[in-house]
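What follows is a short report on a single structure.
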Protein chains: 2
Amino acid sequence: MQSYTEENYLKIIFHLSQNSNPVQTNAIAEKIQTKAASVTDMLKKLADKELVNYVKYQGVTLTEKGKLTAINIVRKHRLWEVFLVEKLNFKWDEVHEVAEELEHIKSTLLVERLDEFLEFPKVDPHGDPIPDQYGNFADLSFIKLSKLKANEKGTITGVSEHSSPFLKHLEKLGLTLGKKIEISEIIDFDGSVELLIDNNKINISREVAKHILISK
Amino acid sequence: MQSYTEENYLKIIFHLSQNSNPVQTNAIAEKIQTKAASVTDMLKKLADKELVNYVKYQGVTLTEKGKLTAINIVRKHRLWEVFLVEKLNFKWDEVHEVAEELEHIKSTLLVERLDEFLEFPKVDPHGDPIPDQYGNFADLSFIKLSKLKANEKGTITGVSEHSSPFLKHLEKLGLTLGKKIEISEIIDFDGSVELLIDNNKINISREVAKHILISK
DNA sequence: TATTTAATTTAGACAAATCTAAAATATATT
DNA sequence: AATATATTTTAGATTTGTCTAAATTAAATA
């Protein structure tokens, strides 16, 4: 049984592992809003419990056991987000903080019943895949909007940034899940992207484009 | 803002206040599964935060502020219990532990939306009243089954004990909310109660009768 | 390769919530 | 009212997760 805090560390390490493996102490410290020294302490503790492989100065990776724990938290987080949006009419930019709390509720019966109640959703309101109870992700092949070239088309199926300001911005531009878009031009000067959506031409910064996920 | 632990103390004090006021240190210790010394420490802390009125050796009462906090936790606990039973098909004896965790989720938006989603329920699955967002309880006039005399009739509308063994026992006897009963006899020897339900005559111990709530 | 800089760890301290054992106070009994 | 018993509090220690400041190691640069 892990504490609330331990669970958060495992979850963060899991997410950071997507980009770089092993994960560095400072990267964790920044995400968890704490100091590097505190992270070191926790990594030792998690290593003792065989949830992570930790070598001094070399960063950490999750063990199989740690990975399963982390995925289970991600599963709960995303199921609750679906619940909040689908059943309680939350907007997609309002769910993150609440789900951060709900993800730590322990009952497995609760999670399985919730999954059933929601009719076994495959993705959360941001387009992120929801792992099944064994930890398997349906693999959705996403590509960042910023990787598309002029004249290419696609459908918005996810976002890789969940902050409220970002999501509100997308909403205002009409860039929501399921919308079809076409790149009209990549602006040389700043790398910003001009695209067609609902017959309107709009321009978004490269930074925004990086966080929009497209499937063809 | 209160910690998870502080919230639990306030909730327990609130419940114990129904029977005796002020509430004694040992009573809290027993309910919270801790030692009297720990309770004393916490009571000082809660007194500093003006959530309780605490006088050494004299027990505690809740301040207005503490009472509102406690009622809000009770409100959340009971709403979540309704959700679990009505939406996720939990049985009435399976909800308590999970609700003990869910009651500490902080978002007020969540609570108000949940209330709406459940169509503003007035009682939880055990017949306990759900306070509104201002802390007002609809006052339901319950009487303990153990207070009834021979030949009196009534309807089961609540229980004052939420443990799984107790509720499973009631279930087995057919003693569920909404059922009409009639007392046929009070047994002198042990105070046990013989009653009619669904045209069957059954006998329940005085201890059980004390925890069944009746309205006429 | 030597040196500077950045990242990480250690050492020692702190706050929250708990504990045990001993002391203090209140209540009950004679 | 005096004594015995039960309840509560204090004092000091422990655990979890955190912190700062100093020391160590790794990486970058000259």
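Note that the coordinates shown come from a computational prediction; the quantities given were computed from them, not determined experimentally. All chains are named by letter (A, B, ...) in the order of the sequence lines, taking the proteins before the strands, and each is independently numbered beginning at 1.
Proximity note for B/Lys44 (side chain, C-beta onward) versus C/dT9, C/dT18, D/dT10: the nearest is D/dT10. Nearest nucleotide to the A/Thr5 side chain, out of C/dT9, C/dT20, D/dT18: D/dT18.
Between the C1' atom of D/dT7 and the CG atom of B/Leu43 lies a distance of 14 Å, rounded to the nearest Å. One atom, CD of B/Glu30, and another, P of D/dT7, lie 11 Å apart when rounded to the nearest Å. Between A/Gln58 atom CD and D/dA26 atom P the separation is 7 Å, expressed in whole Å. Rounded to a whole Å, the NZ atom of A/Lys49 is 10 Å from the C1' atom of D/dT16. Rounded to an integer number of Å, the gap from A/Tyr4 OH to D/dT18 P is 12 Å. Computed from coordinates, the B/Gln33 CD to C/dT18 P distance equals 12 Å when rounded to whole Å. Atom P of nucleotide C/dA16 and atom CG of B/Leu46 are separated by 13 Å, given to the nearest angstrom. In this entry the distance linking NZ of A/Lys56 with C1' of D/dT24 reads 9 Å, nearest Å.
OP1 or OP2 of C/dA16 has not a single side-chain nitrogen or oxygen of B/Ser3 nearer than 4.0 Å. Neither OP1 nor OP2 of D/dA6 sits under 4.0 Å from any side-chain N or O of B/Asn26. Here B/Ser38 does not reach the OP1 or OP2 of C/dT18: none of its side-chain N or O atoms lies under 4.0 Å away. Between C/dT10 and A/Thr40, no contact under 4.0 Å exists linking OP1 or OP2 to a side-chain N or O. Taking side-chain N and O atoms only, B/Thr34 has a distance below 4.0 Å to OP1 or OP2 of C/dC19. Applying the 4.0 Å criterion to OP1 and OP2 of C/dA7, one finds that A/Gln24 has every side-chain N and O outside that range.
Between the side chains of B/Ser205 and B/Glu207, no donor-acceptor pair of N or O atoms lies under 3.5 Å. In this structure, a donor-acceptor pair under 3.5 Å is present between the side chains of A/Trp92 and A/Glu171. A side-chain donor from one of A/Thr61 and A/Asn53 sits under 3.5 Å from a side-chain acceptor of the other.
Taking the ring centroids of B/His77 and B/His96, they lie under the 6.0 Å cut-off.
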List every contact pair, protein side and nucleotides 21-24 of chain C side both N or O, where the distance is under 3.5 Å.
none

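Ring pair A/His126/A/His162 is parallel by interplanar angle, where below 30° counts as parallel and above 60° as perpendicular. Between B/Phe117 and A/Phe83, the ring-plane angle classifies as perpendicular under the 30° and 60° cut-offs.
Nearest-nucleotide assignment on DNA chain D puts the 5′-proximal partner with B/Ala27, out of A/Ala36 and B/Ala27.
In this structure, CG in A/Leu177 is found 8.5 Å from CG in A/Asp124, a value given to the nearest 0.5 Å.
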